[in-house]
Student: 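This structure is in structure tokens; I'll ask about it shortly.
Everything quoted here is computed from the prediction, not taken from an experiment. In what follows, chains are A, B, ... by sequence order, proteins preceding strands, each numbered from 1.
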Protein chains: 2
Amino acid sequence: MPKVQNWRGLIEGYRRYLPVTDKTPVITLHEGNTPLIPAPAIAAQIGRQVKVFVKYDGLNPTGSFKDRGMTMAISKAKEAGAEAVICASTGNTSAAAAAYARRGGMRAFVLIPDGYVALGKLAQALLYGAEVLAIHGNFDRALEIVREMSQNYPVTLVNSLNPYRLEGQKTAAFEVVDVLGDAPDWLCIPVGNAGNISAYWMGFCQYHQEGRCTRLPKMMGFQAAGSAPLISGHIISHPETIATAIRIGNPANWQKALAVQESSQGEFNAVTDEEILDAYRLLASGEGIFCEPASAASVAGLLKVKDRVPTGATVVCVLTGNGLKDPDTAIKHSQNQFKQGISPDLEAVAKAMGF
Amino acid sequence: MPKVQNWRGLIEGYRRYLPVTDKTPVITLHEGNTPLIPAPAIAAQIGRQVKVFVKYDGLNPTGSFKDRGMTMAISKAKEAGAEAVICASTGNTSAAAAAYARRGGMRAFVLIPDGYVALGKLAQALLYGAEVLAIHGNFDRALEIVREMSQNYPVTLVNSLNPYRLEGQKTAAFEVVDVLGDAPDWLCIPVGNAGNISAYWMGFCQYHQEGRCTRLPKMMGFQAAGSAPLISGHIISHPETIATAIRIGNPANWQKALAVQESSQGEFNAVTDEEILDAYRLLASGEGIFCEPASAASVAGLLKVKDRVPTGATVVCVLTGNGLKDPDTAIKHSQNQFKQGISPDLEAVAKAMGF
């Protein structure tokens with residue numbers, strides 16, 4: 001009999017795989033359970049019976065995969081008695097932290113560099129009720145201060161240094177396996193701070209140990225060419241890319257990411273902003289899927305190395321954020337037709353439409 | 001054993017309740033199966049053991065409930081051999097039409113009034129690959145022309161006059177019943193064109209006839225005060241409200257809506273823009289849920305008539321669209337704290353945080 005399941009968020013859904021107990025208050029917005037959508041237009045560019053799916057994590061409650069980690073981090077903070085949380089972030093992390101903290105009845109503080117961040121980027125966090133503090137100083141200094149604050153005051157750090165974040169994020173790998181029935185051959189994923197690739201690998205390995213999948217995927221991580229420390233092998237002091245969500249020159253999970261690459265016999269590769277935008281447009285106009293530019297790095301990367309995908313392989317590309325997070329890029333880079341000044345009669349419109 | 005279900009969209013999920021056959025090509029982005037989230041902060045304002053849930057349809061693939069109708073409309077257009085679809089819309093409909101049409105390999109035309117629509121509103125449609133035509137003339141004229149076009153040229157109309165739209169939308173009622181185990185006592189919903197309230201009622205009645213719920217909800221429709229023809233009883237020539245998605249002075253489904261009101265012993269009421277914004281902020285900072293202003297009309301309305309909710313009742317408020325669709329309103333109306341110019345040291349930050 002057809003019916004939707006009563007999905008109550010990833011902690012309830014995957015409780016036995018997560019560091020929670022009956023005493024943990026579950027702060028949830030019913031995150032997770034995001035669609036794994038076939039991508040035939042992308043698969044057609046590869047051919048050879050390769051099957052491509054996208055894991056559309058932009059359909060999480062605040063619009064990005066960060067919700068997976070945040071439901072864990074905030075629930076555990078609540079369990080420990082926290083009344084406030086803090087992070088340094090200008091984007092998806094601050095939105096997720098604010099939403100979950102407020103839902104849990106806690107204050108949410110967000111530290112940003114003064115004069116550097118467009119107010120629009122903070123629209124979500126502000127509406128969710130975060131208290132945003134802009135300091136004189138750069139982003140690295142903001143991050144140092146939130147660490148110090150969490151060590152000296154009753155406020156819990158929910159930046160990616162919080163270990164519960166990756167625990168929550170690993171459930172995306174569980175969902176991929178649950179829907180496909182096994183792990184994919186390749187998992188293509190954008191890499192910035194390298195937390196998500198580490199979390200996916202944790203998830204696949206845990207499921208493999210439990211016998212819920214028979215194999216492990218090759219982990220294919222893609223960085224933006226102007227912000228690719230894992231490929232160049234050194235810190236990038238001034239990372240630059242249109243994919244702002246992965247514009248990180250010194251990834252916090254650098255060593256973890258290298259271990260994932262080795263264990264999974266995977267690869268890191270760089271994709272240019274042009275390749276990212278091409279994939280971004282292909283996803284929208286070929287598949288009907290609107291993601292953040294950073295998310296499109298996974299598809300851009302797959303297409304870049306497509307000749308090496310095994311014939312008949314199953315590939316999953318991770319789309320980390322919703323395209324609605326960055327409407328400016330959509331307007332600037334759509335390249336599609338917008339015809340103005342048409343006479344309001346049938347003939348003129350038909351002509352403009354090519355009939 | 002915990003696992004997510006393999007949800008392949010609402011046509012597959014509710015096939016036996018929909019006008020499709022094995023020959024219908026299913027064009028889907030795995031829409032539907034959206035969260036039904038408890039709203040304790042709203043319930044607390046009512047008290048008396050009333051349980052409140054929000055149906056967060058802004059987590060559909062293009063960010064609104066329109067995807068439910070569009071998967072049906074586009075699949076049926078494809079089945080009929082259409083190679084192009086057309087609609088007049090400046091918002092959620094155009095985004096959904098473009099995404100599904102392109103996924104189905106069809107052209108998507110969107111007609112808008114010249115000089116009236118901000119390009120930003122069309123960002124999604126353009127990126128999805130719609131061909132946007134701006135005519136000299138107002139929105140009503142654009143709607144007339146798309147109707148004429150669909151009668152005279154090989155292009156299928158996917159505005160709300162398309163009967164498959166409501167068929168798809170009714171599945172939201174199925175999902176509410178499937179998760180709650182029965183229909184709610186009240187269903188609170190924003191009303192603009194009055195298509196969605198009609199669709200929900202269709203869904204509840206169909207499920208009731210099939211014995212899948214034991215009761216039918218009271219349908220509580222809420223219009224914006226500056227755009228409330230169903231309450232005033234006459235067409236509003238110049239509707240005005242911050243809730244643009246329900247700024248409609250002459251609803252296409254006027255008679256259907258009145259029939260729903262009567263059959264369900266429901267009510268239509270108006271809520272002011274101020275009440276809508278209060279609910280919008282409460283949803284974000286109290287529940288962690290970010291919706292379009294129009295969506296918040298359902299919660300604003302519930303709170304307005306809260307004294308009449310039966311003690312212990314179960315109430316579902318429909319949130320039709322994602323707040324990310326309208327970042328400008330979030331920035332303008334957040335009322336939250338943004339402190340600038342703080343010295344980059346622990347003491348200054350701690351002081352700013354109130355420690």
Student: Would you call B:Ile37 and A:Arg103 a side-chain contact if the rule is heavy atoms closer than 4.5 Å?
Tutor: yes
Student: Against chain A, label B:Pro38 side chain, backbone, both or neither, depending on which of its atoms sit under 4.5 Å from a heavy atom there.
Tutor: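 Both parts, heavy atoms under 4.5 Å.
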Student: Under 4.5 Å from any heavy atom of chain A, what part of B:Arg107 do you find: side chain, backbone, both or neither?
Tutor: side chain
Student: Count the heavy-atom pairs under 4.5 Å between each of B:Met149, B:Glu148, B:Glu31 and chain A, then report the option with the highest count.
Tutor: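 Result: the option with the highest number of such pairs is B:Met149.
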Student: Would you indicate whether the side-chain heavy atoms of A:Ser285 and B:Leu127 approach each other to under 4.5 Å?
Tutor: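 No, every pair of side-chain atoms sits at 4.5 Å or beyond.
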Student: With respect to chain A, which residue among B:Ile86, B:Leu29, B:Ile27 yields the maximal number of heavy-atom pairs within a distance under 4.5 Å?
Tutor: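 Between B:Ile86, B:Leu29, B:Ile27, the count favours B:Leu29.
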Student: Got more than 12 heavy atoms from elsewhere within 6.0 Å of NZ, B:Lys351?
Tutor: no
Student: Is atom CD of B:Glu83 surrounded by more than 12 heavy atoms (other residues, nucleotides or ligands) closer than 6.0 Å?
Tutor: no
Student: What residue, out of B:Ala125, B:Pro154, B:Ala352, B:Ala84, has the most heavy-atom pairs lying under 4.5 Å from chain A?
Tutor: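 Greatest number of close heavy-atom pairs with chain A: B:Pro154.
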Student: Please report the shortest heavy-atom distance between A:Leu126 and B:Ser334, naming the atom on each side.
Tutor: CB-OG, 3.7 Å
Student: Quickly, which of A:Val179, A:Asp178, A:Leu36 forms a side-chain contact (heavy atoms from CB on, under 4.5 Å) with B:Asn6? Name it, please.
Tutor: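 Testing B:Asn6 for a side-chain contact (heavy atoms from CB on, under 4.5 Å) against A:Val179, A:Asp178, A:Leu36 leaves exactly one candidate, A:Val179.
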Student: Checking the side chain of B:Gln340 only, and the main-chain atoms of A:Asp114 only, is there a donor and an acceptor separated by less than 3.5 Å?
Tutor: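 Checking the backbone N and O of A:Asp114 against the side chain of B:Gln340, no donor-acceptor pair under 3.5 Å is found.
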Student: Considering non-hydrogen atoms only, spot the tightest contact between B:Pro327 and A:Ala123 and give its length.
Tutor: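 In terms of heavy atoms, the two residues are closest at O-CB, 4.2 Å.
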Student: Is any side-chain heavy atom of A:His30 closer than 4.5 Å to a side-chain heavy atom of B:Tyr56?
Tutor: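 Heavy-atom side-chain distance check fails, nothing below 4.5 Å.
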Student: Is it the case that atom CZ in B:Arg147 sees more than 12 heavy atoms from other parts of the structure closer than 6.0 Å?
Tutor: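 No, the 6.0 Å shell around CZ holds no more than 12 heavy atoms from other groups.
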Student: Would you say the side chain of A:Tyr153 lies within less than 4.5 Å of the side chain of B:Val349, judging by non-hydrogen atoms?
Tutor: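 With C-beta onward as the side chain, the pair stays apart.
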Student: If you apply the rule side chain to side chain contact (heavy atoms under 4.5 Å, CB included), what do you find for A:His136 with B:Ile342, and how did you get there?
Tutor: CA-CA 6 Å; A:His136 290 306; B:Ile342 298 164; over 6 Å; no
Student: Rounded to the nearest 0.5 Å, what separation is found between the CZ atom of A:Arg102 and the CG atom of B:Leu283?
Tutor: 13.0 Å
Student: For B:Phe338, is it the side chain, the backbone, both or neither that has a heavy atom under 4.5 Å from a heavy atom of chain A?
Tutor: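 Answer is both: backbone and side chain atoms of B:Phe338 are under 4.5 Å from chain A.
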Student: What distance separates B:Leu59 CG from A:Asn33 CG, expressed to the nearest 0.5 Å?
Tutor: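 B:Leu59 CG to A:Asn33 CG: 11.0 Å, rounded to 0.5 Å.
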Student: Give, for atom CD1 of A:Ile289 and atom OG1 of B:Thr62, the distance between the pair rounded to the nearest 0.5 Å.
Tutor: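 Reported to 0.5 Å precision, the distance equals 12.0 Å.
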Student: Nearest 0.5 Å, please: how far is CG in B:Leu133 from CE in A:Met353?
Tutor: 6.5 Å
Student: If the condition is side-chain hydrogen bond (donor to acceptor under 3.5 Å, both in side chains), which residues does B:Asp328 pass it with, not counting sequence neighbours?
Tutor: none
Student: Quick check for you: to the nearest 0.5 Å, what is the distance between B:Gln124 atom CD and A:Ile331 atom CD1?
Tutor: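 Reported value, rounded in 0.5 Å steps: 10.5 Å.
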Student: Just wondering, are more than 12 heavy atoms of other shown residues or ligands nearer than 6.0 Å to CZ in A:Arg141?
Tutor: yes
Student: Would you give the length of the straight line joining atom CD of A:Glu144 to atom CG of B:Leu346, rounded to the nearest 0.5 angstrom?
Tutor: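 Result: 11.5 Å between the selected atoms.
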Student: Measure distances from B:Ile112 to the heavy atoms of chain A and classify the residue's part below 4.5 Å as side chain, backbone, both or neither.
Tutor: side chain
Student: Which atoms of A:Leu122 come close to chain B, meaning under 4.5 Å heavy atom to heavy atom: side chain ones, backbone ones, both, or neither?
Tutor: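 Interface part for A:Leu122: side chain.
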Student: Between B:Tyr128 and A:Phe290, what is the ring plane arrangement, given parallel below 30°, perpendicular above 60°, and tilted in between?
Tutor: perpendicular
Student: With respect to chain B, which residue among A:Glu175, A:Arg8, A:Arg281, A:Glu287 yields the maximal number of heavy-atom pairs within a distance under 4.5 Å?
Tutor: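 Heavy-atom pair counts peak at A:Glu287.
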Student: Assess whether atom NZ of B:Lys332 is packed by more than 12 heavy atoms of other residues, nucleotides or ligands within 6.0 Å.
Tutor: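 Result for NZ/B:Lys332: open.
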Student: Please flag which part of B:Ala130 lies under 4.5 Å from any non-hydrogen atom of chain A: side chain, backbone, both or neither.
Tutor: backbone
Student: Evaluate the side-chain proximity of B:Asn336 to A:Glu131: yes if any heavy-atom separation is below 4.5 Å, no if none is.
Tutor: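 They are not in contact (no side-chain heavy atoms under 4.5 Å apart), so the answer is no.
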Student: Who wins among A:Gly341, A:Ser343, A:Gly137, A:Pro35 for the most heavy-atom pairs under 4.5 Å with chain B?
Tutor: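 Option with the top pair count is A:Gly341.
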Student: For chain B, which candidate among A:Pro61, A:Gly104, A:Gly181, A:Ala108 shows the most heavy-atom pairs at distances under 4.5 Å?
Tutor: A:Pro61
